[in-house]
Amino acid sequence: MRVMTVKCGSKRIWYFAVVHLFLANFGSLRAQQENDINILLLQPMSTANFLKAEDAEVTSQSWLVVWDKILTELDYRYDIALDNSIGLELQNYDLVILPDALCLGEAILTELKTYMKQGGACLSTWGTGCRFLDGEWRGFDFLEKYLGSAPEVSDFSAGVPMAVLLRHGFPGTSGVPPGYYLRVTPERTPFYLKGKTKGDIAGYLSESKYNNTSPDKLLLQPGFVTRTLRGRGRFAWFGTSLAQLHTDADNWKQTLIFFGDLLSWLVGKGTMTIDPWPNGYNSAVMIHGDIEKEFANVVNVARLFKSLDVPVTYNIVTDAGSRNTDILRILTNTGGEIAFNGDTYDTFKDQSQKTQVARMEKSIRFISLHAPKPMGFRPPENLYDDNTINSAKKLDLSYINAFNISDRCYPSLDKPTSELDANENLVFFPKSELDDYDLTERLFISDDDMISNYMFDDFGRIYDLKGLYKLTFHSDNFARQE
């Protein structure tokens, strides 16, 4: 297990975020320029009939809308055929997409198997082929053949928003930030692969978060698989329908990069392999403490981390720090980075830019008297707005230790990828962890073993996704002597 430990102010981590986003954007453009391939999109009319749609044609067409949007924006050509067609001449296509094709006839399944055996590529969703055209149950033989095991009914419910949480390093997932997830509201209960080894698992069906915020263990079920088959065929499967994939502006660009890379891999055009961390590291850990009160508590913590040679960032509430200048010197002398958590712990969000600049300047002046000029700001309660961003830039800060978009566990930048320049961008560090206050004050956990288990579970998930795990503590909580 190779994990890199860094301070928030480490430029090494910022430049890797810049390079990762630039290469992902370049790769997406490259894929769009090479789309000289033919795709067949199967319209699941028989499935709509089985589900007793009022108008099967209209309903089955509606399930193709998101695929039309994806393929059109990526500049792919495609044909549409009904799911009860025969003699489709699949050999003329580089890829067959089977969205929500629960009901399929023997003739088309036989064609698909021959096509795959000859090196074809298939992308399917939900319970492909598990029923005959008339809706009678067939079983999961078709999916089991290409997945290696039969799907099972998921614990996720139809109509409830969920996520497909992507594991970095698989087709489609290397071009998006580690821990990125597709947001979807399935119209029908999804399927997943129980007991499947992680070798082919490219993503999990999950709640739209990285950690468990209840006494129950976070529900993660293998639900996105990519496999290269004997005979050079390639197969990708999502356990949920993607008909209700969320396509809002916040996540659509990353979603297109993901599908552009996935489709490129399926048709043999290659795929991006971008390592998110330098020198072969699998993940990164960032340790930081919020020092708001009870400053003396943090001294033992600082000395402990120094003895372990572990870099730490300390976020100071500077009005309280003015009464504890000796503590700041100790933190600096033990090698800690000093950033600020505000002049007070009052939120900055919704204040004017003039007010926010004045408050930040006050904190910067104070810290600069006792330590190097701070490079970053951790907004109280992780809340900020455009005025916060503009204020931080005006004062030449380098990072904000928070992020309003919660769909990744990797450093992000505030500018579009076409304008990437590490010296002109603020770096944002998303919160994907449960900190000590989440555990003790919001989940009301007091048992030390249970707290440790939560935190190790948190780290294990972020490590599996190749993301950034932030170990966050407070001076009046985990930093206490006891």
Side-chain angles (χ1 to χ4, degrees), residues 39 41-74 76 78 80 82-83 96-104 122-131 143 151-166 172-173 176 179-193 202-209 219-225 236-260 262-263 405-408:
I39 294 175
L41 190 59
L42 209 65
Q43 182 176 336
M45 181 103 78
S46 301
T47 302
N49 276 320
F50 167 69
L51 296 174
K52 304 189 184 310
E54 185 174 338
D55 188 322
E57 183 173 6
V58 171
T59 297
S60 58
Q61 286 175 348
S62 73
W63 295 341
L64 303 186
V65 169
V66 71
W67 293 103
D68 172 76
K69 182 176 175 68
I70 290 169
L71 296 173
T72 299
E73 293 200 26
L74 291 174
Y76 284 111
Y78 70 93
I80 295 177
L82 295 178
D83 58 1
V96 177
I97 300 179
L98 305 169
D100 305 352
L102 193 74
C103 303
L104 288 174
C122 182
L123 191 164
S124 78
T125 70
W126 200 35
T128 307
C130 69
R131 292 185 179 275
L143 284 176
E152 297 192 18
V153 176
S154 169
D155 295 311
F156 289 96
S157 302
V160 178
M162 53 168 283
V164 180
L165 187 57
L166 303 176
T173 70
V176 294
Y180 184 77
Y181 57 81
L182 306 175
R183 286 171 269 182
V184 64
T185 302
E187 293 181 330
R188 297 164 295 279
T189 302
F191 297 102
Y192 78 107
L193 294 183
Y204 304 103
L205 306 183
S206 172
E207 301 166 77
S208 297
K209 53 182 175 290
L219 188 58
L220 286 176
Q221 297 184 328
F224 171 44
V225 175
W237 173 76
F238 293 89
T240 179
S241 165
L242 298 180
Q244 298 302 318
L245 182 70
H246 297 195
T247 58
D248 52 285
D250 277 349
N251 68 337
W252 183 241
K253 181 167 187 174
Q254 297 295 333
T255 299
L256 279 181
I257 290 174
F258 164 73
F259 277 106
L262 176 63
L263 296 177
I405 302 174
S406 62
D407 63 4
R408 65 201 69 186

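Side-chain atoms of Ser60 come within 3.5 Å of backbone N or O of Glu57 as a donor-acceptor pair. Within the 3.5 Å criterion, the main-chain N or O of Met45 finds a donor-acceptor partner in the side chain of Asp83. Here the side chain of Thr59 pairs a donor or acceptor atom with the backbone of Asp55 at under 3.5 angstrom.
Taking each heavy atom of Ala56 and Ala48 in turn, the nearest pair found is O-CB, 3.6 Å. When all heavy atoms of Gly223 and Leu205 are compared, the closest pair comes out as CA-CG, 3.8 Å. When all heavy atoms are compared, the tightest approach of Leu143 to Pro151 is CD1-CG, 3.9 Å. Residues Leu166 and Thr173 share a closest heavy-atom pair of CB-CG2, 3.9 Å.
Residues passing the side-chain contact (heavy atoms from CB on, under 4.5 Å) test with Val153, sequence neighbours excluded: Thr189, Phe191. With sequence neighbours excluded, no residue forms a side chain to side chain donor-acceptor pair (under 3.5 Å) with Thr240. The ring pair (Phe, Tyr, Trp, His ring centres under 6.0 Å) test applied to Phe224 returns Phe238, Phe258, not counting sequence neighbours. Not counting sequence neighbours, Trp237 has no partner by the side chain to side chain donor-acceptor pair (under 3.5 Å) test. When the side chain to side chain donor-acceptor pair (under 3.5 Å) test is applied to Thr47, no partner is found at least two apart in sequence or on another chain. Shown here are the salt bridge (charged side-chain N to carboxylate O under 4.0 Å, His left out) partners of Arg131, two or more places apart in sequence or in another chain: there are none.
Because its NZ or CZ atom is both nearer than 6.0 Å to the ring centre of Trp63 and within 45° of the ring axis, Arg188 counts as a cation-pi partner of that residue.
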Exercise for the section: Begin from the C-alpha positions of Cys130 and Leu102 and carry the test side chain to side chain contact (heavy atoms under 4.5 Å, CB included) through to its verdict. Expected result: CA-CA 6 Å; Cys130 69; Leu102 193 74; 3.2 Å; yes

Exercise for the section: Output, in order, the C-alpha distance, side-chain angles, deciding distance and verdict of side chain to side chain contact (heavy atoms under 4.5 Å, CB included) for Thr247 and Thr255. Expected result: CA-CA 8 Å; Thr247 58; Thr255 299; over 6 Å; no

Exercise for the section: Output, in order, the C-alpha distance, side-chain angles, deciding distance and verdict of side chain to side chain contact (heavy atoms under 4.5 Å, CB included) for Leu165 and Leu182. Expected result: CA-CA 7 Å; Leu165 187 57; Leu182 306 175; over 6 Å; no

Exercise for the section: Kindly determine whether Leu42 and Ile97 satisfy side chain to side chain contact (heavy atoms under 4.5 Å, CB included), including the steps that lead there. Expected result: CA-CA 6 Å; Leu42 209 65; Ile97 300 179; over 6 Å; no

Problem - Stepwise ring pair (Phe, Tyr, Trp, His ring centres under 6.0 Å) check, Trp67 with Tyr76 - result: CA-CA 11 Å; Trp67 293 103; Tyr76 284 111; over 10 Å; no

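Between Tyr204 atom OH and Tyr192 atom OH the span is 13.5 Å, to the nearest 0.5 Å. A distance of 10.5 Å separates OH in Tyr181 from NE2 in His246, rounded to the nearest 0.5 Å. Note that the CG atom of Asp407 and the CD atom of Gln254 stand 7.0 Å from one another [nearest 0.5 Å].
Between Arg183 and Pro161, the closest side-chain pair of non-hydrogen atoms is not below 4.5 Å. In this structure, the side chains of Thr185 and Val160 stay at 4.5 Å or more apart for every pair of heavy atoms. Inter-residue side-chain proximity for Leu98 and Leu123 is flagged as unmet; no heavy-atom pair is nearer than 4.5 Å. Counting heavy atoms from C-beta on, the side chains of Gln43 and Gln61 come closer than 4.5 Å. Residues Glu73 and Trp252 have side chains in contact (heavy-atom distance under 4.5 Å, counting atoms from C-beta outward). Using a 4.5 Å cut-off on side-chain heavy atoms (C-beta onward), Pro99 and Leu64 make contact.
Among the candidates Leu71, Leu245, Val66, the single residue satisfying the side-chain contact (heavy atoms from CB on, under 4.5 Å) test with Phe259 is Leu245.
Tyr78 and Asp68 are linked by a side-chain donor-acceptor pair at a separation below 3.5 angstrom, with hydrogens and angles left out of the test. In this structure, a donor-acceptor pair under 3.5 Å is present between the side chains of Ser154 and Gln221.
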